[in-house]
Amino acid sequence: MDGIQFQMKPITIKMKLKKLVEKKISKVSGSSVDWVEEDSYFFKLSSWSEKLLKHYKDNKDFILPSSRKNEVVNFVEKGLKDLSVSRTSFSWGIPVPKNKKHVIYVWLDALTNYISALNFPDTNNKTYKKFWPANIHIIGKDILRFHAIYWPAFLLAAKLPLPARVFGHGWILSEDKKMSKSLGNILDPIEIIKRYGIDQLRYYLVKEVSLGNDGSISLENLKNCINNDLANNYGNLCQRVFSFVKKNCSNKIPKANKLADSDNKLLDHLKNNIPRLIELMNKQELNEYIKTVVSYSFDSNKYFNDSEPWSVKKKDPERMNAIIFTICEQIKNISILLNSIIPISTNKVLETMNIKKENRSINQITSLDCFDHDKELKDLDILFNKIEDDN
RNA sequence: GGCGAGGUAGCUCAGUUGGUUAGAGCACAGGACUCAUAAGCCUGGGGUCGGCGGUUCGAAUCCGCCCCUCGCUACCA
């Protein structure tokens, strides 16, 4: 803590505003609450209200989602009270310099971990330089205030750079209810992953849960989501196309000499949307992102149906090649767009298509044709097994 | 109590500054096809847009009142 110089002096505080007349018990735990008085150092949070408000105003997306931002701004506008940051009643905690009775405890010590873990106060340290200031803190909505008010105030006081963004995410509910032992509706993520698969769970959570809001895991919806979007749509699209390539194109992605309007329409629709997709990603609007991307998979299945490569292959093999090239290009692009959401599955697809790792970035999508047309496709097992009803 | 968000098809939601028969996905019911995980494609049924009243030629969209749901309302992280 030597790197941060706060001006602090010990004063006596009372932990509760009202004297307890009767024995009180905690609403949450039911245990009895005792009246305590002790000396404490205070962080002068009260003098940072205006500077924080200015920071929120100057940095529009510092707190996301905006509904949460409103709560925080509302809270700060009411005026902040100084914050007790030390205790004398126990010894674990960070010793206060020059006063051995006190240890630093509660938020000041906790939040500082973000930079002490990066070797602060050595601000020339490589790790610190690389990771601070952070691009984003993604934290639960229940600890937003501490990250959006206390932490920036501490950093401002220490004249250190602030993280670029604090995002308060919602909670995952089980069948619309908060998970609790007494209700018996706890969902064990490890069990779900074992049964449904890790990519499948990731996909479901990102798609069905708007990151800023609470979302619900319903096993029925999870099943539907896996079967429809992943197995029947994206997974089966890959399967039907690769199988067609194997049977009709010597298992190599053909070159296209001339693309038809319908081919370009399919490809351009995706490519023209890349800036918007990047924007959605940058604002953590992941569910909108994923819904947009999966719609390309729907479009692709329709395109494949309408183009009927199986019926043009004898009459017009050139045309068939253009169709197969187009659909492969599209599968590649969709796979890249989904790569951060379902990395294991999409990497299998990209591997099958012999796409080099350096060609798997979103920036590569607009550059046409990075296929090795002389190399055979690798075999691809079923990507997503369908979930059957068994309960 | 105060401040804020929201109530739209069975479910999850989208609906730009008010404008023609209110949309999507899932679920449900039919149909044609076959390259594919009996997958994909096409068509259809289904909504008094929380309630009442008002402004307007016209309101899911604006105004008022009411009902309901949710979030925040400081020193446990």
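Pairing of B/rU17, defined by two Watson-Crick or G-U wobble distances under 3.5 Å, is not identified with any nucleotide. Base pairing of B/rC72: its partner is B/rG2, meeting the Watson-Crick or G-U wobble criterion (both donor-acceptor distances under 3.5 Å). Remark: B/rA9 base-pairs with no nucleotide; criterion is Watson-Crick or G-U wobble with both hydrogen-bond distances under 3.5 Å. Using Watson-Crick or G-U wobble geometry with both donor-acceptor distances under 3.5 Å, B/rC65 finds its partner in B/rG51. Applying the Watson-Crick and G-U wobble criteria (two distances, each under 3.5 Å), B/rC28 pairs with B/rG44. Applying the Watson-Crick and G-U wobble criteria (two distances, each under 3.5 Å), B/rA77 pairs with nothing in any strand.
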Does the protein touch nucleotides 30-42 of chain B at the base, only the backbone, or not at all? Give it as B, S and - per nucleotide, heavy atoms under 4.0 Å. -----BBB-SBSS
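Here, B/rU8 and B/rC3 have their P atoms 25 Å apart, quoted to the whole Å.
Remark: A/Asp58 engages A/Lys54 in a salt bridge (charged side-chain N to carboxylate O under 4.0 Å, His left out) (not counting sequence neighbours).
Checked by atom type, the side-chain pair A/Asp263/A/Tyr303 shows a donor-acceptor distance below 3.5 Å.
If A/Asp142 and A/Lys78 are placed on RNA chain B by their nearest nucleotide, the residue sitting closer to the 5' end is A/Lys78.
Summarising the local packing, CG of A/Asp261 is surrounded by 12 or fewer heavy atoms from other residues, nucleotides or ligands at distances under 6.0 Å.
Looking at A/Val294, A/Val293, A/Thr346 one by one, the single match for side-chain contact (heavy atoms from CB on, under 4.5 Å) with A/Tyr234 turns out to be A/Thr346. A/Thr88 pairs in a side chain to side chain donor-acceptor pair (under 3.5 Å) with only one of the listed residues (A/Glu38, A/Lys100, A/Lys101), which is A/Glu38.
The interatomic distance linking A/Glu77 (CD) with B/rA74 (C1') rounds to 16 Å, in whole Å.
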